[in-house]
Number of protein chains: 2
Amino acid sequence: MQRYFVEPEAIQNGAVTITGDDVKHIVRVLRMEAGEQVIVCDGVGHAYLVELTELGGEQVVGRIMEQLADTAEPRVKITLAQGLPKGDKMDLIVQKGTEVGISRFVPLEMARCIVQYDQKKEQKRRERWQKIAKEAAEQAHRTLIPSVGIGMTLKQLVGNLDGFDLVLVPYEGEKARGLREVLQEHPDVGHICVVIGPEGGISEAEIETALAAGAIPVTLGPRILRTETAGLVTAACICYQVGEMGG
Amino acid sequence: MQRYFVEPEAIQNGAVTITGDDVKHIVRVLRMEAGEQVIVCDGVGHAYLVELTELGGEQVVGRIMEQLADTAEPRVKITLAQGLPKGDKMDLIVQKGTEVGISRFVPLEMARCIVQYDQKKEQKRRERWQKIAKEAAEQAHRTLIPSVGIGMTLKQLVGNLDGFDLVLVPYEGEKARGLREVLQEHPDVGHICVVIGPEGGISEAEIETALAAGAIPVTLGPRILRTETAGLVTAACICYQVGEMGG
């Protein structure tokens, strides 16, 4: 069944009002009619079965039939702090990371980033990534839209790690301690931060900064993953470890 | 250290002859000189430390200093039989799948494929995918270049499953049996085939065909992965399970 995200305020007294691009999708693309059903999520974790009642050019209104059990959100929250990559790779990272189950993305300015973080483009790019996250969340049947945070430096990040039970840094220089070993040592984590370096990797000074803040460098094995692959693979392995990847 | 793949025949009597695009990369891009070292892999599992001796416009010759221990190939071989996706998604699948550790890709013609498999373009496309696999293998520090097979139908695939210890079919319709459960039930598998449907999914008739051939449908959890994401995520979880993702 088709799924749409709305703002929490769009749900009131058992009725849902859908606006924006989704109206066009429902009315013109799918040519739905009153009486047909969709799933509506409020983006903060609730999903509802909704019967459409009024379909107009500007808005679509529906009636909530029942609240659905939330099953698609992993019980472990994963934040991906991603060293800003080149070109449009961050688009891929946000899309694939959302599918796999990441809850939050933080673009990270790091020493070896090839692109400079442009403050003026900040707002526009975050809007773009947030839109990609919304569409990927709909497609993946998630009930939460991952948030894309404001770009920050590693120093700023390590000053804000209080909410995390575990901070992992996949690092080519770490040869001994593996991802699985560390995850198995921490079976009850609720919120994990994964820090991924940009194309050029993480500098030694950055590893020192992360270590001093309690982060744990880990190896993902002998194959070297690209920056746009490492975060989603780490997230998939975390979900697998906690039984969220089927089983 | 820079890595290059050569044909096995290019290694003779302790000397390596590098030809083709890699010559330009060594001589013009990296401006390497005699006495400098690179790693050369023969693409079938052997890696050598090589000191460059002669650098010309057409070929670069080097001397083998030592054979390196093969550590980057996963002990489980994974074949990805991928329902042919739209556009250039197969490029992404081959690149990311190679990074994660897949050994072989088989493009699959399936009932719900949106693109028709074009026999005339077959050769050109396989060459393209094979090139992507080679470049990704170099970057990921693999010693084996994954092979890209000739496109086949599911019927043809199921007639050729003898070499596999386990055939997994991630399938939206499977709600009970999870990937982890099945992998844990088969701890000693040597060669796994993963069958991924195209954008439109796997048809019920195809699931019946796969089941009859001994394949096991599994769920990857409640989040619905896109066709280009499912194979690499499954491969990453297989590698994680057998201790190949930093274990």
Side-chain angles (χ1 to χ4, degrees), chain A residues 3 69-74 92 95-102 136-144 168 170-172 174-184 199 217-226 228-230 232-247, chain B residues 3 69-74 92 95-102 136-143 168 170-172 174-185 199 217-226 228-230 232-247:
Chain A
R3 302 172 78 95
D70 169 17
T71 56
E73 288 306 314
L92 185 79
Q95 185 190 69
K96 299 290 163 241
T98 298
E99 287 175 53
V100 168
I102 288 171
E138 282 173 357
Q139 182 274 326
H141 293 195
R142 294 189 61 173
T143 50
L144 183 143
L168 298 176
Y171 176 53
E172 216 179 310
E174 175 64 42
K175 301 295 181 195
R177 194 153 38 175
L179 173 66
R180 192 167 72 159
E181 180 189 338
V182 174
L183 290 178
Q184 287 176 345
E199 284 87 355
V218 293
T219 170
L220 300 180
R223 288 165 299 286
I224 309 301
L225 301 175
R226 286 177 210 238
E228 73 272 22
T229 317
L232 93 99
V233 163
T234 306
C237 291
I238 291 170
C239 287
Y240 183 85
Q241 173 66 33
V242 301
E244 284 281 354
M245 199 53 83
Chain B
R3 302 171 78 93
D70 169 16
T71 56
E73 288 305 315
L92 186 79
Q95 185 189 69
K96 300 291 161 237
T98 298
E99 288 175 53
V100 168
I102 288 171
E138 282 173 356
Q139 181 274 326
H141 293 193
R142 294 189 61 173
T143 49
L168 298 176
Y171 176 52
E172 217 178 308
E174 175 63 42
K175 300 296 181 193
R177 194 154 37 177
L179 173 65
R180 191 167 73 160
E181 180 190 337
V182 175
L183 290 177
Q184 288 176 344
E185 284 166 6
E199 284 87 353
V218 292
T219 171
L220 300 180
R223 288 166 299 286
I224 308 302
L225 300 175
R226 285 178 210 237
E228 73 271 22
T229 318
L232 92 99
V233 163
T234 305
C237 291
I238 291 170
C239 287
Y240 183 84
Q241 173 65 34
V242 301
E244 285 280 354
M245 199 53 82

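Only a predicted model underlies this, so the values are computations on that prediction, with no experimental measurement involved. Just so we're on the same page: letters track the sequence lines, and every chain starts at 1.
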J.: Which atom names give the shortest non-hydrogen contact between B/Ala236 and A/Cys237, and what distance separates them?
T.: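 Closest approach of B/Ala236 to A/Cys237: O-SG, 4.1 Å.
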J.: Answer with side chain, backbone, both or neither: which region of B/Ala176 has an atom nearer than 4.5 Å to a non-hydrogen atom of chain A?
T.: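 Neither the backbone nor the side chain of B/Ala176 comes within 4.5 Å of chain A.
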J.: Looking at B/Glu181, B/Gln139, B/Gln184, which one has more heavy-atom pairs under 4.5 Å with chain A than the rest?
T.: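 Looking at each option in turn, the highest pair count goes to B/Gln139.
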J.: With a 4.5 angstrom heavy-atom cut-off, could you sort out which part of B/Arg177 is near chain A: side chain, backbone, both or neither?
T.: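 Contact with chain A involves no heavy atom of B/Arg177 at all.
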J.: Between A/His141 and B/Pro222, what is the shortest heavy-atom contact and its length?
T.: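 Minimum heavy-atom separation between A/His141 and B/Pro222: CB-O, 4.4 Å.
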J.: Take A/Lys96 and B/Lys96 through the side chain to side chain contact (heavy atoms under 4.5 Å, CB included) test and state the conclusion after the steps.
T.: CA-CA 12 Å; A/Lys96 299 290 163 241; B/Lys96 300 291 161 237; over 6 Å; no
J.: Is the shortest heavy-atom distance from the side chain of A/Arg223 to the side chain of B/Val100 under 4.5 Å?
T.: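 In short, these two side chains do not touch, never coming nearer than 4.5 Å.
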J.: Given that the side chain runs from C-beta out, which part of A/Ala235 has a heavy atom under 4.5 Å from chain B: side chain, backbone, both or neither?
T.: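 Looking at A/Ala235, nothing touches chain B.
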J.: As an exercise: rank B/Glu228, B/Arg226, B/Arg142 by heavy-atom pairs under 4.5 Å with chain A and give me the winner.
T.: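 Among the listed options, the one with the most contacts to chain A is B/Arg226.
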J.: Out of B/Thr234, B/Leu179, B/Thr98, B/Leu183, return the one with the most heavy atom pairs under 4.5 angstrom to chain A.
T.: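 Between B/Thr234, B/Leu179, B/Thr98, B/Leu183, the count favours B/Leu179.
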J.: I'd like to know which of A/Leu225, A/Val233, A/Ile224 tops the heavy-atom pair count under 4.5 Å against chain B.
T.: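 If we count pairs closer than 4.5 Å to chain B, A/Ile224 comes out on top.
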J.: Provide the closest heavy-atom pair for A/Glu99 versus B/Thr229 in the form atom of the first, atom of the second, distance.
T.: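 For A/Glu99 versus B/Thr229, the nearest heavy atoms are OE1-OG1, 2.8 Å.
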J.: For a quick test of reading the model, state the closest non-hydrogen atom pair linking B/Gln241 to A/Tyr240 and the distance between them.
T.: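 So the minimum-distance heavy-atom pair works out to OE1-OH, 2.7 Å.
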J.: To check you understand the geometry: which heavy-atom pair defines the closest contact between B/Leu220 and A/Met245, and what is its length?
T.: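 For B/Leu220 and A/Met245, the tightest heavy-atom pair comes out as O-SD, 3.2 Å.
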J.: Quick check for you: among B/Gly178, B/Ala137, B/Gly221, B/Ala140, which has the greatest number of heavy-atom pairs under 4.5 Å with chain A?
T.: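 The candidate making the most pairs under 4.5 Å is B/Ala140.
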